[in-house]
Amino acid sequence: MNTQTLYDKLWNSHLVRTEPDGTALIYIDRHLVHEVTSPQAFEGLRLAQRKPWSPISMLAVPDHNVPTTKRSGGIADPISRLQVETLDANCNEFGITEFKMNDIRQGVVHVMGPEQGATLPGMTVVCGDSHTSTHGAFGALAHGIGTSEVEHVMATQCLVAKKSKSMLVKVSGVLRNGVTAKDIALAVIGKIGTAGGTGYAIEFGGDTVRALSMEARMTLCNMAIEAGARAGMIAADDTTFAYLKGRPFAPHGAQWDQAVTYWRTLHSDEGAKFDTLVELNAADIKPQVTWGTSPEMVVAVDGLVPDPENAPDAVKRGDWERALAYMGLQANMPIEQIKIDKVFIGSCTNGRIEDMRAAAAVAKGKKVAGNVMLAMVVPGSGLVKAQAEQEGLDKIFIAAGFEWRDPGCSMCLAMNDDRLSPGERCASTSNRNFEGRQGQGGRTHLVSPEMAAAAAIAGHFVDVSKL
Amino acid sequence: MNKFTLLDGLVAPMDRANVDTDAIIPKQFLKSIKRSGFGPNAFDEWRYLDHGEPGMDNSKRQLNPDFVLNQARYQGAQVLLARENFGCGSSREHAPWALEDYGFRVIIAPSFADIFFNNCFKNGLLPIRLAEDKVDALFKAAAKAVGYRLTIDLEKQLITTPDGQRYAFEVDAHRKYCLINGLDDIGLTLKHKDDIKSFEAKHRAAQPWL
Ligand code: SF4
């Protein structure tokens, strides 16, 4: 019998043609666009006197450069402003729907898209952004592309691609108290490494994953790229359908029923073969904290900063030594003794309403520690912000001493004014702890929203599962 | 896109794993709406001692003497020797733009991150995957001999060392064809316009909600 993985099904249902060497043309259903990786693509179209193939498949939003305070005053940095204005002008010129900076629907592209129902099961989704893997949480084939590919998809509605190998990451059992999808993601990366998923499309499965909410599934798929995989995905189920129902871009009425019938077929068949299987036991996963400058440099919060003496090989030892020097940490130091200067809660990984709720639950009635000079909460979108305010979460954060900001990428990559100064140490719910990612010389520790809030209160990392 | 056929180029080694695209071109330079001019800011945070911002006169900035590409012996290098998972992280195509603008045409590493790997081919840059032990041997040879060069023949898919050793490498037929002819994918894809249109019609009929 011909059994297929979810990835096979998504791939085959979008295959326009295949060349003898396996290079394929894949039809793209949804193209999300932001201001940083699109200007050169639009310019390329214009130079070649081309038009977007299907402007209605596109949805645009400025997110990387937008300020998170005093937004009505516009963008102060003229270069950032020009980039956002360029997006506005391009969308106007080519008839592309855009949620502009002061639209309540504006947000980080990977928060905004799903929130609008613009990502649906069975779709192919691309965006000039590596964290496009997020959208795979809906049972879609979603991955990040470069700017030349952005132009290519605009012009042809297709992507030139080769099929990846398939990996199943199966997580089973019940998660411990205080352990989240972010910790699962970091634990997977810790296990397989940041290149472990290179060349693969990862499907996350197992009863632990099935029990996750849509927000948590998005967090998990979001981090697939940090494991090296261009795409992460989770089969759609009732949780997915309940999340999507009634959203603006989702089908309605009879078409909804027709869609759900089709979407129910989108899962890996019983006995489908994967090239690689990775299994994790949920009960073994503790809250995770990265200690170095790559997401694979991660340990459990009750662990120690590793010793380069124990590195598996010479190249790794060099990397670990460099990372410790950059991070200003000593080998064998307990993670819980690491003091922090700043806290960032937000990003496309953890900027959704559940993340806000989880962080607020930890912060409620407490105060940010004296040594923490800035703790900021940046909702992933205007709608997340509004929802959080309706639930009174903003008041909890503000009373505890957090700053409550406007939505955008913010200090996830520090393209706007939100950034670390050299040497500053940050507990961050974002996805990359690379050197300089949050500001030159800044030191990033990746954690879940619960862990970030708890670190803000304690002034150092603490094990939320013990709170 | 620049064609790539044969290159005889000076080699520069970058001996660290997981070099990410944030390091190759830091975010402040991504605010540009152009495709060119990123070379002077390639590896900005490692390369200069001060903090770089767009619009600065880079020729007046102080270079970091400890950064490998600043050494006199590697000036003019066109071949970058790297370690595993080169180009990981952000999808920014500004990374290959910066490397190409800097002067590199070839990157040799045991492995590359997927998106970066893909982006290279769109910009006349040839990323070559070579087994770890071979890359290691090249690192040792490049460290020993000042002015170490490699010849890279894309047509024959061969790297030749100064002492005549040859390493074969793999490259997709389609990518090779585009690179050798300097072709842009869009034109090629649009030759299949009718296929795309008929696919689209069927696809939309089956899933009218799309
Ligand atoms: S929040 Fe961070 S990772 Fe996500 S799209 Fe923005 S910059 Fe990229």
Side-chain angles (χ1 to χ4, degrees), chain A residues 14 16-17 19-21 23 25 27 29 36-37 39-40 43 48 50 65 79-80 82-83 86 120 122-123 128-130 144-149 151-152 155-158 160 162 194-195 198-199 228 230 251 255-256 258-259 262 294 315-316 318-319 322 413-415 432 434-437 440, chain B residues 1 15-18 20-23 26-28 30-35 45-46 51-52 54-55 83-85 88-94 96-97 111-119 122-123 172-175 184-190 192-193 195-196 199-200 203 206-210:
Chain A
H14 290 86
V16 175
R17 55 176 287 129
E19 302 297 333
D21 76 340
T23 305
L25 272 187
Y27 186 84
D29 296 312
V36 180
T37 53
Q40 298 86 352
E43 188 60 23
R50 290 176 176 133
N65 280 281
I79 314 179
S80 287
L82 176 64
Q83 201 167 52
T86 303
L120 298 172
M123 271 186 166
D129 194 281
S130 56
I145 57 178
T147 297
S148 296
E149 291 173 311
E151 184 183 338
H152 188 277
T156 69
Q157 210 57 32
C158 289
V160 178
K162 262 195 164 177
T194 45
T198 303
R230 266 179 106 172
Q255 277 192 355
W256 170 261
Q258 192 189 347
Y262 170 61
S294 159
V315 175
K316 277 250 154 36
D319 286 346
R322 221 173 356 239
L413 95 165
M415 243 177 118
R432 290 192 173 132
F434 300 156
E435 284 187 18
R437 171 80 178 180
Q440 192 171 19
Chain B
M1 188 174 84
D15 197 0
R16 57 194 291 171
N18 297 315
D20 59 77
T21 54
D22 276 76
K27 67 250 164 186
Q28 60 271 33
L30 273 49
K31 295 178 185 179
S32 168
I33 54 172
K34 302 207 184 79
R35 230 176 227 272
E45 290 183 6
W46 294 346
H51 175 76
R83 294 290 185 185
E84 62 167 39
N85 203 25
C88 62
S90 156
S91 63
R92 60 189 69 168
E93 198 161 317
H94 312 66
W97 293 339
S111 61
F112 294 87
D114 286 337
I115 302 178
F116 174 82
F117 189 73
N118 224 10
N119 283 342
K122 318 276 180 197
N123 294 284
D172 280 351
H174 175 78
R175 285 168 164 156
D184 123 54
D185 268 345
I186 297 180
L188 288 177
T189 300
L190 285 175
H192 306 299
K193 204 172 184 171
D195 288 351
I196 304 172
F199 176 90
E200 187 170 57
H203 190 61
Q207 298 177 55
W209 56 86
L210 288 176

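Just the heavy atoms: all of them, side chains too, but no hydrogens, waters or symmetry mates, feed the values below. Just so we're on the same page: letters track the sequence lines, and every chain starts at 1. Given the structure is predicted, the values throughout are model-derived calculations rather than measurements.
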Would you call the rings of A:His14 and B:Phe199 parallel, tilted or perpendicular, where under 30° means parallel and over 60° means perpendicular?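 Correct class here is tilted.
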Donor-acceptor pair, [X] side chain versus [Y] backbone, under 3.5 Å?
X: A:Arg432; Y: B:Gly89; value: yes
X: B:Glu93; Y: A:Ser148; value: yes
X: B:Lys31; Y: A:Asn65; value: no
X: A:Gln83; Y: B:Ser32; value: yes
X: A:Lys316; Y: B:Ala17; value: no

Is it the side chain or the backbone of [X] that comes within 4.5 Å of chain A heavy atoms, both, or neither?
X: B:Ala173; value: both
X: B:Asn118; value: side chain
X: B:His192; value: side chain
X: B:Phe117; value: neither

Going by side-chain hydrogen bond (donor to acceptor under 3.5 Å, both in side chains), name the residues that satisfy it together with B:Asp22, two or more places apart in sequence or in a different chain.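 Residues passing side-chain hydrogen bond (donor to acceptor under 3.5 Å, both in side chains) with B:Asp22: A:Arg437, B:Arg92.
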Test of understanding: with side-chain hydrogen bond (donor to acceptor under 3.5 Å, both in side chains), list the residues that count as partners of A:Thr194, not counting sequence neighbours.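 Listed in chain order: A:Glu296, B:Asn18, B:Asn85.
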If you measure from the Lys or Arg side-chain nitrogens to the Asp or Glu carboxylate oxygens, is any gap between B:Asp114 and A:Arg230 under 4.0 Å?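 Judged by the 4.0 Å cut-off on N to carboxylate O distance, B:Asp114 and A:Arg230 do not form a salt bridge.
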Should the pair B:Arg35-A:Glu151 be classified as a salt bridge under the 4.0 Å nitrogen-to-oxygen rule?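 Counted as a salt bridge, because a side-chain N and a carboxylate O are separated by less than 4.0 Å.
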For a side-chain hydrogen bond (donor to acceptor under 3.5 Å, both in side chains) check, start with the C-alpha distance between A:Glu19 and B:His174, then their side-chain angles and the critical distance, and finish with the verdict. CA-CA 8 Å; A:Glu19 302 297 333; B:His174 175 78; over 6 Å; no
Checking side-chain hydrogen bond (donor to acceptor under 3.5 Å, both in side chains) for the pair B:Trp97/A:Gln40: CA distance, chi angles, key distance, verdict? CA-CA 12 Å; B:Trp97 293 339; A:Gln40 298 86 352; over 6 Å; no
Testing B:Leu188, B:Asp185, B:Thr189 one by one against A:Thr156 for a side chain to side chain contact (heavy atoms under 4.5 Å, CB included), which residue passes?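 Answer to the side chain to side chain contact (heavy atoms under 4.5 Å, CB included) test with A:Thr156 among B:Leu188, B:Asp185, B:Thr189: B:Thr189.
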